[in-house]
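Notes for the one structure printed next.
By convention in this document, chain letters (A, B, ...) are assigned in the order of the sequence lines, proteins followed by strands, and residues within each chain are numbered from 1.
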2 protein chains.
Amino acid sequence: MRLSQGVEWGLHCALLLAQAPDGLAVPRRTLAEHYDLPEAYLAKQLQSLVAAGILHAVSGPRGGYRLARPPAEITVLDVLDAVEGTADPFVCQEIRQRGVIPVTPEQCRRPCAIAAVMTRAHQAWRASLRAVTLAELAGRVPRPVREQQRARFAQLRQSPRRAGGPRSGTAAAGAAGSAHD
Amino acid sequence: MRLSQGVEWGLHCALLLAQAPDGLAVPRRTLAEHYDLPEAYLAKQLQSLVAAGILHAVSGPRGGYRLARPPAEITVLDVLDAVEGTADPFVCQEIRQRGVIPVTPEQCRRPCAIAAVMTRAHQAWRASLRAVTLAELAGRVPRPVREQQRARFAQLRQSPRRAGGPRSGTAAAGAAGSAHD
DNA sequence: TAATCGTGGATATTAAATGTCTACGAAGGC
DNA sequence: GCCTTCGTAGACATTTAATATCCACGATTA
């Protein structure tokens with residue numbers, strides 16, 4: 001059992017957008033560069049978040065992605081459900097009914113105890129993720145990291161192209177110990 | 001994210017063994033027929049349970065599998081860990097450190113909040129599974145199903161071969177509404 | 001000694017995750 | 001109106017894991 005990469009990508013991108021000023025749209029390329037992710041594949045993951053109503057996509061110049069609602073109203077579970085789906089990782093195949101001597105459907109009115117236990121565990125997992133919002137996560141971002149991001153967003157507002165700034169000029173400064181999250 | 005079939009197989013087989021009398025060993029073929037599972041692949045899953053110290057394998061004629069310890073001392077989590085491993089389904093790739101402006105390792109002394117949230121959820125999931133033992137699950141098996149199994153185990157003790165009994169003779173009776181779990 | 005078992009490894013098959021590419025439509029600036 | 005910057009949608013290719021099968025081998029018992 002393993003969660004796809006899209007979960008980490010989606011959570012980090014959503015968390016980054018949660019720290020963007022008001023309604024600023026962040027282009028996909030900027031997000032991809034920020035975390036060194038394949039832009040084309042990231043597009044797929046972000047589409048899921050848009051379809052789920054977590055992100056809002058803006059077309060055209062100065063376009064990009066922004067949160068569809070306040071960070072305090074988006075839980076980690078919301079992002080998980082959008083990227084991974086809401087299905088229980090345990091899929092009961094009812095092998096009780098398949099054997100040499102199959103259980104009759106009447107005896108299966110109540111789902112088998114095993115499936116019940118697995119479902120309860122899944123609910124506990126979901127409840128834990130539902131208890132945390134993007135706003136709370138944003139509050140835990142270290143101050144220096146947050147300020148670095150603020151500068152990045154400012155750049156974005158001024159020059160619509162090459163959101164990371166001139167690559168050659170900032171290479172030295174970037175390697176000197178800047179931070180993001 | 002999805003759990004492998006082996007989880008359901010392992011849980012059902014362990015639950016069945018939990019209902020077997022004292023130290024009776026149940027051959028793999030019997031288990032496979034009981035749930036209509038591919039015997040060769042089931043062997044792989046059972047090996048994991050043996051390696052984890054949950055099952056004990058007995059070689060030779062009258063051999064098979066039995067629980068390595070009392071059902072009350074085997075939790076659902078034990079089986080899950082044996083079959084699926086104990087790894088967190090969320091693997092943090094620390095994409096914070098990979099971007100155009102990487103976060104310095106010093107700023108990552110504390111694991112990123114996102115990973116922390118995911119880990120906590122995983123712990124909640126595990127705690128939920130750890131709270132249930134095979135003995136408790138066995139107690140929830142319907143009475144008629146349990147008695148059917150008792151008869152099956154008795155057959156096993158008497159005739160070492162063809163644990164399911166003569167296939168042709170029991171076909172009609174088997175379809176008439178017998179039960180197992 | 002022969003028959004019944006489980007073990008371990010090699011191998012094939014299938015499904016899903018991962019990643020890329022291209023044509024297209026939407027929206028703003030000139 | 002036209003062009004550029006964007007996201008969208010779908011068709012692919014690639015990689016990895018799950019699923020499954022098979023066989024030679026050792027252990028055990030009648």
Could you list the donor-acceptor pairs under 3.5 angstrom formed by side chains in residues 36-46 of chain A, with sequence neighbours left out?
residue: A:Tyr41; atom: OH; partner: A:Gln45; partner atom: NE2; Å: 3.4

For residues 47-60 of chain B, run the donor-acceptor check on the side chains, cut-off 3.5 Å, and write out each pair with its distance to 0.1 Å, sequence neighbours left out.
none

Once salt bridge (charged side-chain N to carboxylate O under 4.0 Å, His left out) is applied, do any residues pair with [X], and if so which ones, sequence neighbours excluded?
{"X": "A:Arg120", "result": "none"}
{"X": "B:Asp78", "result": "B:Arg69"}
{"X": "A:Arg126", "result": "A:Asp81"}

B:Trp125 versus A:His122, closest heavy-atom pair with distance: CD1-N, 3.8 Å

For the student: nearest non-hydrogen atoms of B:Leu137 and A:Ala113, plus distance: CD2-CB, 3.6 Å

[X] [atom1] - [N] [atom2] separation (whole Å):
{"X": "B:Glu39", "N": "D:dT19", "atom1": "CD", "atom2": "P", "value": "18 Å"}
{"X": "B:Arg66", "N": "C:dC5", "atom1": "CZ", "atom2": "P", "value": "16 Å"}
{"X": "B:Arg28", "N": "C:dT4", "atom1": "CZ", "atom2": "C1'", "value": "12 Å"}

Pairs involving residues 7-23 of chain B, ordered by first then second residue, that meet salt bridge (Lys or Arg N to Asp or Glu O under 4.0 Å) (sequence neighbours left out): B:Asp22-B:Arg157

Contact check, side chains of [X] and [Y], non-hydrogen atoms, under 4.5 Å:
{"X": "B:Arg130", "Y": "B:Val76", "value": "no"}
{"X": "B:Thr75", "Y": "B:Leu80", "value": "no"}
{"X": "B:Pro89", "Y": "B:Met1", "value": "yes"}

A:Leu31 side, atom CG; A:Leu17 side, atom CG - distance, nearest 0.5 Å: 5.5 Å

Sugar-phosphate, base or nothing in reach of B:Ala57, heavy atoms under 4.0 Å: sugar-phosphate

Residues within residues 1-9 of chain B bordering DNA chain C, heavy-atom distance below 4.0 Å: none

Interface residues of residues 41-55 of chain A with DNA chain C (non-hydrogen, below 4.0 angstrom): A:Tyr41, A:Lys44

Contacts under 3.5 Å, N or O only, protein and nucleotides 24-28 of chain C:
none

Between the first and last five pairs of the helix from C:dT1-D:dA30 to C:dC30-D:dG1, the angle of the axes, rounded to 10 degrees: 10°

Listed partners of A:Thr133 passing side-chain hydrogen bond (donor to acceptor under 3.5 Å, both in side chains), at least two apart: none

